[in-house]
2 protein chains.
Amino acid sequence: MVRDSIRILQAQGHKATRPRKLVLEVLEETEKPLSPYDIQGILRARGKYLNHVTIYRILDLLCSLNLAHKVLSSGGFVKCSLDDIEGCHRFMVCQHCGAIQEFADKGLCQEENEFARNLGFHTEYHLSEFSGLCSRCYRKWLH
Amino acid sequence: MVRDSIRILQAQGHKATRPRKLVLEVLEETEKPLSPYDIQGILRARGKYLNHVTIYRILDLLCSLNLAHKVLSSGGFVKCSLDDIEGCHRFMVCQHCGAIQEFADKGLCQEENEFARNLGFHTEYHLSEFSGLCSRCYRKWLH
DNA sequence: GGCTAAATGCAACACTATTGCAATTAGCTA
DNA sequence: TAGCTAATTGCAATAGTGTTGCATTTAGCC
Ligand SMILES: [Mn+2]
Ligand SMILES: [Mn+2]
Ligand SMILES: [Zn+2]
Ligand SMILES: [Zn+2]
């Protein structure tokens with residue numbers, strides 16, 4: 001919720017500005033990754049102009065506070081929708097409709113850590129992005 | 001090995017050109033992800049000029065044949081060092097020295113598929129990149 | 001309402017990636 | 001081995017993405 005994010009921003013000493021509210025609103029209402037220019041376009045279509053530099057800076061800030069994430073497979077940004085798991089970043093992306101779902105699982109992290117340790121690697125951070133079909137698209141696809 | 005990659009290229013009807021050999025040599029001899037411009041710079045330092053467009057096209061080709069991979073967390077490219085696992089792309093990246101190691105594990109894929117299925121998601125492709133410390137750097141770090 | 005640090009907008013720039021086309025070349029054939 | 005031709009490369013132009021410094025504006029505080 002936008003209001004929650006604003007509260008977190010302010011709790012960390014950041015201002016609740018018009019541009020920040022607008023970006024948060026856009027992220028809040030879409031379930032697909034959006035580039036900075038996507039966000040600018042959506043807002044422009046509503047008659048709300050933001051400079052792209054401002055959008056970059058806002059997205060940086062939101063990511064630094066874990067209020068948004070950059071999805072690496074597409075380069076777009078999504079709102080954070082989980083109480084964040086330290087050192088873990090996981091998404092499922094539907095390759096048909098583009099919908100994205102954040103998830104987390106301690107068990108998966110442990111399996112991965114152990115697997116890596118067996119190869120002599122000490123894991124600090126897990127990135128994992130699955131692509132496939134969301135339940136809605138999978139159902140459609142079946143008949 | 002560069003020679004193997006060249007053979008695969010030719011088997012698919014692609015020519016074994018000087019630029020392709022040069023890019024393959026560079027990828028072969030480094031264990032870190034390299035951007036197209038990194039590759040151009042390395043070659044230029046050896047007195048071998050390639051246009052950046054050519055490098056982009058070669059990397060596209062190599063990726064399409066699974067002879068190289070794009071590492072999403074850094075945007076760089078590495079040679080493929082595994083018999084490729086269908087629909088699975090995994091790397092461990094050392095955050096100290098930048099070394100990268102490709103890996104794969106059927107068990108991990110199955111765990112992930114199952115986890116996703118429980119959330120109604122049908123997984124087609126797994127991307128996972130761990131960052132942490134390679135065994136060498138981890139040892140150094142300890143004392 | 002005024003003050004001030006923080007945030008935004010702007011302009012310029014740097015870097016990354018793509019396109020169309022002319023020139024070159026690898027691999028085939030004679 | 002020389003010539004042929006499709007594939008590949010280089011080049012120029014352009015588009016897209018991301019960054020910086022600085023003047024202006026604004027949120028939050030008194
Ligand atoms: Mn999150
Ligand atoms: Mn591979
Ligand atoms: Zn879908
Ligand atoms: Zn290392």
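Owing to the predicted nature of the structure, the values given are computational and were not obtained by experimental measurement. Note: hydrogens, waters and symmetry copies are ignored here, and every other heavy atom, side chains too, is used. Lettering of chains follows the sequences in order, A, B, ..., and the numbering in each one begins at 1.
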Lys15(B) NZ to dG27(C) P, straight-line distance once rounded to whole Å: 7 Å
Toward the 5' end of DNA chain D, by each residue's nearest nucleotide, Arg18(A) or Leu50(B): Leu50(B)
Axis bend over the full length of the helix from dG1(C)-dC30(D) to dA30(C)-dT1(D), computed from five pairs that close each end, to 10 degrees: 30°
Aromatic ring proximity, centroids under 6.0 angstrom, His69(A) and His89(A): yes
Atom pair distance, as rounded to whole Å: CG in Leu9(B) and P in dG27(C): 10 Å
Selection residues 1-12 of chain B - residue pairs positive for salt bridge (charged side-chain N to carboxylate O under 4.0 Å, His left out), sequence neighbours left out: Asp4(B)-Arg7(B)
Interatomic distance where CG belongs to Asn51(B) and P belongs to dT19(C) [whole Å]: 15 Å
Phosphate-side-chain proximity, His14(B) and dT8(D), N/O vs OP1/OP2 below 4.0 Å: yes
The single option from Glu31(A), Arg90(A), Met92(A) passing side chain to side chain contact (heavy atoms under 4.5 Å, CB included) against Gln101(A): Met92(A)
Ile100(B) with Phe77(B), same ILVMFWY side-chain cluster at under 4.5 Å: no
Sugar-phosphate only, base, or nothing, as touched by Tyr37(A) at under 4.0 Å among non-hydrogen atoms: base
same_hphob_cluster(Leu59(A), Val2(A)) at 4.5 Å side-chain heavy-atom cutoff: yes
Nearest-Å distance for atom pair NZ/C1', residues Lys21(A) and dG28(D): 12 Å
Under 3.5 Å: donor-acceptor pair, side chain of Lys32(B), backbone of Cys97(B): yes
d(CD, Gln12(B); C1', dA7(D)) in whole Å: 16 Å
Aromatic centroids of Phe103(A) and Phe130(A) separated by under 6.0 Å: yes
His52(A) (side chain) and dT8(C) (base): donor-acceptor pair under 3.5 Å: no
Flag if over 12 foreign heavy atoms under 6.0 Å of CD, Glu86(B): no
Spacing of Lys48(B) atom NZ relative to dG10(D) atom P, expressed in whole Å: 13 Å
Sub-4.0 Å heavy-atom contacts from residues 54-78 of chain A onto DNA chain C, ordered by number: Thr54(A), Arg57(A), Ile58(A)
Which nucleotide in dC11(D), dT8(C), dG27(C) has an atom nearest any side-chain atom of Pro19(A): dT8(C)
Short side-chain N/O contact to dT9(D) OP1/OP2 from Thr17(B), under 4.0 Å: yes
Val53(A), nearest nucleotide to its side chain (from dT16(C), dT20(D), dT26(D)): dT20(D)
Integer-rounded Å distance: dT8(C) C1' and Leu22(A) CG: 12 Å
His96(A)/Tyr138(A) aromatic ring centres below 6.0 Å: no
